[in-house]
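Worksheet for the structure shown next.
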Amino acid sequence: MKKHLLLTSLFCLILCSCKHNNQVIPYMRVNFTLNTTSTDLIHIGGYEYVTGGVSGIFIYRSDVLTFHAYDRACPYDWENGGRVEVDSTNNFILIDYNCGSKFNILDGYPLSGKAEEPLQAYNAQLIDDIYLRVYN
């Protein structure tokens with residue numbers, strides 16, 4: 001019985017002492033409308049950085065009707081100013097140059113680097129073929 005208790009305590013101690021920086025990004029209410037004709041979102045493959053969320057919002061147009069919106073806060077180091085932008089070597093990847101984490105532009109999931117959690121996604125809905133509503 002003592003061995004079992006000792007092993008359980010040791011396991012808990014090891015588990016609790018492991019440090020990982022993937023911090024929970026705080027919830028920020030997002031609800032705005034954007035005119036796509038006055039931005040780079042007018043065409044497929046276009047993207048924009050806009051204010052809002054925790055560290056700004058990234059919006060990408062993948063086809064005529066589909067938009068992807070993510071908070072730019074990197075799940076690994078957002079408290080230290082880590083935020084994503086389009087990778088200068090690959091337009092289909094978002095990168096946090098602080099920690100080196102890379103994310104898929106279509107789903108926000110990490111591809112490599114220190115981040116283990118996906119980017120915070122927001123809903124993006126096209127209205128009347130012109131206006132894009134971004135909300136949570």
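Proximity of a side-chain donor or acceptor of His68 to a complementary backbone N or O of Tyr60 within less than 3.5 Å is not detected. Distance alone, capped at 3.5 Å, is enough to place a donor-acceptor pair between the Ser101 side chain and the Ala115 backbone.
If you take OG on Ser112 and CG on Asn104, they are separated by 11.5 Å, rounding to the nearest 0.5 Å. Here the straight-line distance linking atom CG of Asn136 with atom CZ of Arg29 works out to 6.5 Å at 0.5 Å rounding. Rounded to the nearest 0.5 Å, atoms CG (Leu132) and OG1 (Thr33) are 8.0 Å apart. Separation of atoms CG (Leu41) and CD1 (Ile130) is listed at 13.5 Å; rounding is to 0.5 Å. Note that the NZ atom of Lys114 and the OH atom of Tyr76 stand 4.5 Å from one another [nearest 0.5 Å]. With rounding to the nearest 0.5 angstrom, the CG atom of Leu111 is 10.5 Å from the CD1 atom of Ile95.
A continuous path of Ile, Leu, Val, Met, Phe, Trp and Tyr side chains, each step under 4.5 Å between heavy atoms, connects Leu65 with Phe67, placing both in one hydrophobic cluster. Using a 4.5 Å cut-off between side-chain heavy atoms of Ile, Leu, Val, Met, Phe, Trp and Tyr, with links allowed through other members, Leu106 and Phe58 fall into the same hydrophobic cluster.
No more than 12 heavy-atom neighbours from other residues, nucleotides or ligands sit within 6.0 angstrom of OH on Tyr131. Crowding of Tyr97 atom OH: a count of heavy atoms from other residues, nucleotides or ligands under 6.0 Å exceeding 12.
A 4.5 Å side-chain heavy-atom check between Cys99 and Trp78 finds every atom pair outside the cut-off. At a threshold of 4.5 Å between non-hydrogen side-chain atoms, the residues Pro110 and Glu116 do not count as touching. Between Phe103 and Val84 there is a side-chain heavy-atom pair separated by less than 4.5 Å.
Closest of all the heavy-atom pairs between Tyr70 and Ile105 is OH-O, 3.2 Å.
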- prompt: Does the side-chain hydrogen bond (donor to acceptor under 3.5 Å, both in side chains) test come out yes or no for Asn98 and Arg83, once each step is laid out?
  reply: CA-CA 8 Å; Asn98 287 349; Arg83 61 192 226 173; over 6 Å; no
field: Trace of the side-chain contact (heavy atoms from CB on, under 4.5 Å) decision for Arg133 with Asn31
entry: CA-CA 7 Å; Arg133 179 176 176 224; Asn31 188 7; 3.2 Å; yes
Extract all donor-acceptor atom pairs below 3.5 Å that involve side chains of residues 118-126 and protein atoms in other chains or at least two apart in sequence.
from: Tyr122; atom 1: OH; to: Asp71; atom 2: OD2; distance (Å): 2.7
from: Asn123; atom 1: ND2; to: Tyr135; atom 2: O; distance (Å): 3.4

N/O donor-acceptor pairs under 3.5 Å from side chains in residues 45-55, not counting sequence neighbours:
from: Glu48; atom 1: OE2; to: Asp40; atom 2: N; distance (Å): 2.7
from: Tyr49; atom 1: OH; to: Val86; atom 2: N; distance (Å): 2.9

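Checked against Ile59 for a side chain to side chain contact (heavy atoms under 4.5 Å, CB included), the options Val134, Thr39, Thr36 give a single hit: Val134.
For residues 94-110, the salt bridge (Lys or Arg N to Asp or Glu O under 4.0 Å) pairs, not counting sequence neighbours, are Asp87-Lys102. The salt bridge (Lys or Arg N to Asp or Glu O under 4.0 Å) contacts involving residues 57-70 comprise nothing, where partners must be two or more places apart or lie in separate chains.
The hydrophobic cluster around Ile42 extends to none of the other residues, as no ILVMFWY side-chain heavy atom falls under 4.5 Å of it.
Every side chain to side chain contact (heavy atoms under 4.5 Å, CB included) that Ile44 has, sequence neighbours left out, goes to Val64.
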